[in-house]
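Report on the following structure.
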Amino acid sequence: MTFNELASQRLEEIARMLDLLGEDTFKVNAHARAARAIADHAADLKGAGDDPSVLEGIEGVGAKTAAKIAELARTGTIKEHADLAARVPAGLFDVLRVPGLGPKTVRAMWQTLGVTGLDDLQRTIDDDSILSLPRMGAKTVENIKAGIATVRSGAGRVNIGVATPIAEALVARISGVPGVERAAFAGSLRRGRETVGDIDILGVAEGPTAEAAREAFCTTPGVKRVLARGESRCSVELEAGSSIVQADLKLVPARSWGAALMYFTGSKEFNVRVRERALKRGVTLNEYGLFPLDNDPTPHHQRPGGLETAVAGDTEASIFKALELPELAPELRESAADFDHAPPELVTLQDIRAELHAHTTASDGVMSIVQLATLAKSKGFHTVAVTDHSKSSALAGGLSPERLREHIRNVRSAGNEIDGIRILAGSEVDILADGRLDYDDDLLAELDVVVASPHAALTQDPAKATARLLAAVTHPLVHILGHPTGRLIGHRAGLEPNMDEIAAAAAEHQTALEINANWLRLDLRDTHVRLALSKGALIAINCDTHHPKDAENLRYGVATSRRGGLSKERCVNAWTRERLGEWLKR
DNA sequence: GCCGTTTTCGGCCCGACTGTTTTCAGTCG
């Protein structure tokens, strides 16, 4: 866990504990907001212990929170957190995760029934003592029972690569309802976050069409439970692989499409900022549109003909324009921080013209060289690099120097078998634990492209990891640093090197840092991309193709790059064939 | 606890839904 993640977690826990103790909700929200801001902050805040000024300028982090973060950096703990933890049973965090249970109810359970965890909660259901709580009836208890099962099933955040196909299937299902004009997914999935807490689907439908859409949504194959089904919103729990994910449907009139899309895309912080901007300009923004401010307390959408008084709202662009804001891509709406700056022109999926990290049957891929090249060509790419594993990755069929030399010849001859795409001979060479590369320089010099990646010793300490990756990044024959940290989202933390140093060295040596587009990796992560770009580094987005379906992961890599603010100019995969070739020969 | 182009004090987004009520509290996003 990085320091930022730890600090974010501690602040979030403080927020939850204050909430359970019945503290002021604004204080609670302030901690939760600071936790999100820290989690999304690009630069490592570990240095805050010596120099708290690194915390200045982070929105939502004031003097008191800054002091807590500095304390954590200095001592490894936050006294306030420890004091709270001594008062609030840790098991209540699990109880809070039960859908439908919030701080008020959990607090009542804890203080009047002695509930300190999920087992206690189950006991109060079994012996009916739960019914003694205010506003607690049979239906609520049934929902809590189902909610406990949801929590115990391990439902949590779902990887973008799992959630996206589900979201697309839901969009297709809603779009297929006769009369539905359009549908799309919104939420953190549209912002391209590496994991999502739920799936938000938006559709345009009114009257009987809306009822048909609701019915289609709630009866989607894989739906385990309908959580809510109202006029304009529905919520269900869906199977997602071995886990469960919540999906929400919102139905709006066509003239509210843009306002609703913006609203449900978020983030929360972004919405607040846009709304404040609107109010200053004498208009008010909600999910139905942008309306002139007046003294009538009835919301515009509830007034007869009210929607027609909207200044904007049918498209997101109309709202940005009306507020005189540049159109901000969903991936950049994570926080309010970038709001006042003109957004960079971000790289797009269509800009990507080269895959520079791919495996064949020579190591652990399933495609031949020609099959791989054919796939890349079908994507409209001008270049594909064959980068099979090096000898230390024995389990992945890493190539001995002799086999690599033969493989290079095979790659060169494959180039004669297929037109319209350049096939590069390369290697994904292991960066050994001490920073040496897995092949001698004279062999590496025979290759067109060298991707250097860490595969083993992924728990070494940050200082060693930094030295190890610096050795690779500054090596004159290395073009790309592959999946720099080796993390697997939700499974393995990976290396925690000093990314400032890595990025600065990469910039100096014109070595590209890879965003590995595999949705289990997304490594570099979004905050690292932002940091790398601030240091002037180049970025590569690669699918690390082993199987034809891996090419579909490109969009997740692109989304991650966009969240970091990557432009076409700084993305080597988006360069022309000629420019890419010159860079590789440097 | 945070924040300020009307404020350094007094605000802090707001609408939908459910289940419990008898007019609404709690939760969610």
Side-chain angles (χ1 to χ4, degrees), chain A residues 11 14-15 18-19 22-37 55-69 80 95-109 131 133-144 146-147 186-191 196-202 214 225-237 246-252 256 259-260 262-282 284-289 291 297-302 336 340:
Chain A
L11 290 170
I14 289 175
L18 291 173
D19 213 359
E23 292 276 343
D24 174 48
T25 53
F26 295 112
K27 189 171 164 182
V28 171
N29 285 339
H31 280 92
R33 181 166 173 236
R36 283 194 297 274
L55 296 164
E56 278 172 23
I58 303 178
E59 275 213 26
V61 177
K64 291 191 177 170
T65 307
K68 289 172 205 178
I69 296 167
E80 183 188 0
V95 181
L96 270 178
R97 288 172 54 217
V98 174
L101 290 187
K104 298 262 184 3
T105 314
V106 174
R107 175 174 156 81
M109 289 171 166
L131 292 169
L133 294 172
R135 309 184 69 85
M136 189 61 65
K139 273 198 167 171
T140 304
V141 173
E142 280 310 304
N143 287 336
I144 293 173
S188 48
L189 196 60
R190 182 163 179 248
R191 300 201 306 275
V196 301
D198 65 6
I199 294 171
D200 295 295
I201 307 293
L202 196 62
R214 284 193 288 271
R225 187 155 74 107
V226 177
L227 298 169
R229 182 166 175 173
E231 273 291 301
S232 64
R233 301 191 188 182
C234 302
S235 290
V236 298
E237 276 182 0
Q246 183 176 326
D248 300 332
L249 173 70
K250 288 98 176 179
L251 297 172
V252 296
S256 296
M262 181 182 272
Y263 184 85
F264 290 112
T265 296
S267 65
K268 196 176 291 198
E269 280 80 4
F270 172 80
N271 285 349
V272 169
R273 284 293 288 271
V274 177
R275 234 181 268 217
E276 285 171 357
R277 169 108 178 177
L279 287 174
K280 279 179 200 151
R281 293 174 163 250
T284 176
L285 180 65
N286 61 25
E287 64 203 81
Y288 294 97
F291 300 95
T298 309
H300 289 79
H301 66 279
Q302 286 174 6
D340 295 322

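To find a chain, count down the sequence lines: A is the first, B the second, and so on, and within it residues start at 1. As the structure is a prediction and not an experimental result, all values here were calculated from the model.
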Should A/Ser232 be listed as having a side-chain N or O under 4.0 Å from OP1 or OP2 of B/dC17?
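Indeed, a polar side-chain atom of A/Ser232 lies that close.
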Can a side chain N or O of A/Thr140 be found less than 4.0 Å away from OP1 or OP2 on B/dT20?
yes
Option passing side chain to side chain contact (heavy atoms under 4.5 Å, CB included) with A/Val236 (candidates A/Val226, A/Ile199, A/Leu227)
A/Val226
I'd like a table of atom pairs between the protein and nucleotides 27-29 of chain B - only N or O on both sides, under 3.5 Å - with the distance next to each one.
unit_1: B/dT27; atom_1: OP1; unit_2: A/Gly102; atom_2: N; d: 2.6
unit_1: B/dT27; atom_1: OP1; unit_2: A/Gly102; atom_2: O; d: 2.9
unit_1: B/dT27; atom_1: OP1; unit_2: A/Thr105; atom_2: N; d: 3.0
unit_1: B/dT27; atom_1: OP1; unit_2: A/Thr105; atom_2: OG1; d: 2.6
unit_1: B/dT27; atom_1: OP2; unit_2: A/Lys104; atom_2: N; d: 3.3
unit_1: B/dT27; atom_1: O5'; unit_2: A/Gly102; atom_2: N; d: 3.4
unit_1: B/dC28; atom_1: OP1; unit_2: A/Gly100; atom_2: N; d: 2.8
unit_1: B/dG29; atom_1: N2; unit_2: A/Tyr263; atom_2: OH; d: 3.1

Could you list all N or O pairs between the protein and nucleotides 3-7 of chain B that sit under 3.5 Å apart?
unit_1: B/dC3; atom_1: OP1; unit_2: A/Gly60; atom_2: N; d: 2.8

Could you tell me which residues satisfy side chain to side chain contact (heavy atoms under 4.5 Å, CB included) with A/Thr105, sequence neighbours excluded, listed by chain and number?
A/Leu101, A/Met109, A/Met136
Base, sugar-phosphate alone, or nothing: which one does [X] contact when heavy atoms must sit under 4.0 Å apart?
X: A/Asn143; result: sugar-phosphate
X: A/Glu276; result: nothing
X: A/Gln302; result: sugar-phosphate
X: A/Ala37; result: nothing

Most 5' of A/Leu279 and A/Asp24 on DNA chain B, judged by nearest nucleotide:
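This one resolves to A/Asp24.
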In whole Å, what is the span from the [atom1] atom of [X] to the [atom2] atom of [N]?
X: A/Glu269; N: B/dC12; atom1: CD; atom2: P; answer: 17 Å
X: A/Leu133; N: B/dG19; atom1: CG; atom2: P; answer: 17 Å
X: A/His301; N: B/dG15; atom1: NE2; atom2: P; answer: 7 Å

Do the side chain of A/Asp19 and the main chain of A/Gly22 share a donor and acceptor less than 3.5 angstrom apart?
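No; zero donor-acceptor contacts below 3.5 Å.
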Given the [atom1] atoms of [N] and [M], what is the spacing between them in whole Å?
N: B/dT21; M: B/dG26; atom1: C1'; result: 13 Å
N: B/dT20; M: B/dA25; atom1: C1'; result: 9 Å
N: B/dT6; M: B/dG11; atom1: C1'; result: 13 Å
N: B/dC2; M: B/dC13; atom1: P; result: 16 Å

Residue [X], side-chain heavy atoms: nucleotide from [options] that is nearest:
X: A/Thr65; options: B/dC2, B/dG19, B/dC17; answer: B/dC2
X: A/Arg135; options: B/dG1, B/dC24, B/dC17; answer: B/dC24
X: A/Ala228; options: B/dC12, B/dT18, B/dG15; answer: B/dT18

Give me the atom names and distance for the closest heavy-atom approach of A/Gly187 to A/Asp200.
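Nearest pair, atom of A/Gly187 first, then A/Asp200: CA-OD2, 3.4 Å.
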Carboxylate-amine/guanidinium proximity below 4.0 Å for A/Glu59 and A/Arg273
yes
